[in-house]
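Below: one structure, written as structure tokens.
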Amino acid sequence: MSETDVLLRRGLKLSHLRLMAALAEAGQLGLAADRLGIAQPAASRLLAEVERIAGQAVHLRTGRGIALTAMGEALARRAARVVTELRDAGREMAELAGGGAGHVRIGSVTGPALDRVLPALRTARLALPQVTAEVVVAPSDLLGQQLLAGRLDFALGRMPAGLEGELTLSDPVGVEPVALMVRRGHRLAGARRVDPTDLMDFDWVLPGPEALLTQAVMGRLAELGLPQPPQRLATASFLLTLALIQQSNAIAPLARAVCDRFAGPGSPYVILPVDLGIVVEPFGLLLRRGAILTPVAARLAGMVMAQGGEGLD
């Protein structure tokens, strides 16, 4: 072995890597032991072995549990990758043995979930009848964390800040226009033309200030010389946003594609007749850097990207 294999030569095993990955996620030795299905004394012994092998402390005890040192964080980060890759290897072998059967975990921001993921899953029901899937709809930063934790195979979103070295993002798919949606019966809903200043008389429902949608909205309003709108509730929940605008006079900026689906004839929602020119940066296919999709996941990712549509955090 070369000098780069020093940890293996010193006896580092998969059980040590599994513990470090669990510790990074759980933050407590007892919780990490539970996740691995071992007793806490056994986990303590494994942790002591890791420190002997590393030759340095990998953890510090705190009042709330365990904090990893810089050495521990580095080892845990790579341990999580190894554990995830081995898990994916097992899934790929099972898919090959099952003749195309498998389970795919997809993440997506709101718009692509409707315009790309759902149509792809409808196609997959016929083309891949033995494949099951689960879909997580969330902002890009949360999707990135779930990708790194191995809970998702791929996601449709934007590159989360600070994760450029951990994830890869495909070429952008397209720009995303934003429309303003309100309840049917809203005072502005029946107007032939809405003056942008009239919009400031009502609450706006937006995610938190770090969300790309909020940043795009606030930036465009500033360009137009408009003030920040009243905002008494911030939420990233799409369902809560729909419920709130249905039961109040609030205004919700949402992807035009999303509005078109929920503001049709007979719907309790309508799109305001005003275009502020709000556009959110395009999304792409997010993957763990260096990850190899299983054959079934790769095929479903291809189906998803082949669809047309728009998306939105």
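The structure displayed is predicted, hence computed values, not measured ones.
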*Is the shortest distance from a Lys or Arg side-chain nitrogen in Glu49 or Lys13 to a carboxylate oxygen in the other one below 4.0 Å?*
no

*Looking only at heavy atoms, which two atoms of Ala252 and Ile245 are closest? And how far apart?*
CB-CG2, 3.7 Å

*asked:* Can you give me the closest heavy-atom contact between Val137 and Ala113, atom names plus distance?
replied: CG2-CB, 3.8 Å

Is a side-chain donor or acceptor of [X] paired with a backbone partner of [Y] at a separation under 3.5 angstrom?
X	Y	answer
Thr62	Ala67	no
Glu51	Gln56	no
Thr214	Leu206	no
Arg105	Phe154	no

*Any side-chain heavy atom of Arg187 within less than 4.5 Å of one from Asp198?*
no

*In terms of heavy-atom contacts, does CZ of Arg289 have more than 12 from other residues, nucleotides or ligands at under 6.0 Å?*
yes

May I ask whether [X] and [Y] are part of the same hydrophobic cluster, defined by side-chain heavy atoms of I, L, V, M, F, W, Y residues being less than 4.5 angstrom apart, directly or through others?
X	Y	value
Val135	Leu287	yes
Val6	Val82	yes
Leu199	Leu226	yes
Leu142	Phe283	no
Val279	Ile271	no

*asked:* Checking side-chain polar atoms at under 3.5 Å, does Asn249 have a donor or acceptor matched by the opposite partner on Arg183?
replied: yes

*The single option from Arg261, Gln246, Arg184 passing side-chain hydrogen bond (donor to acceptor under 3.5 Å, both in side chains) against Tyr269*: Gln246

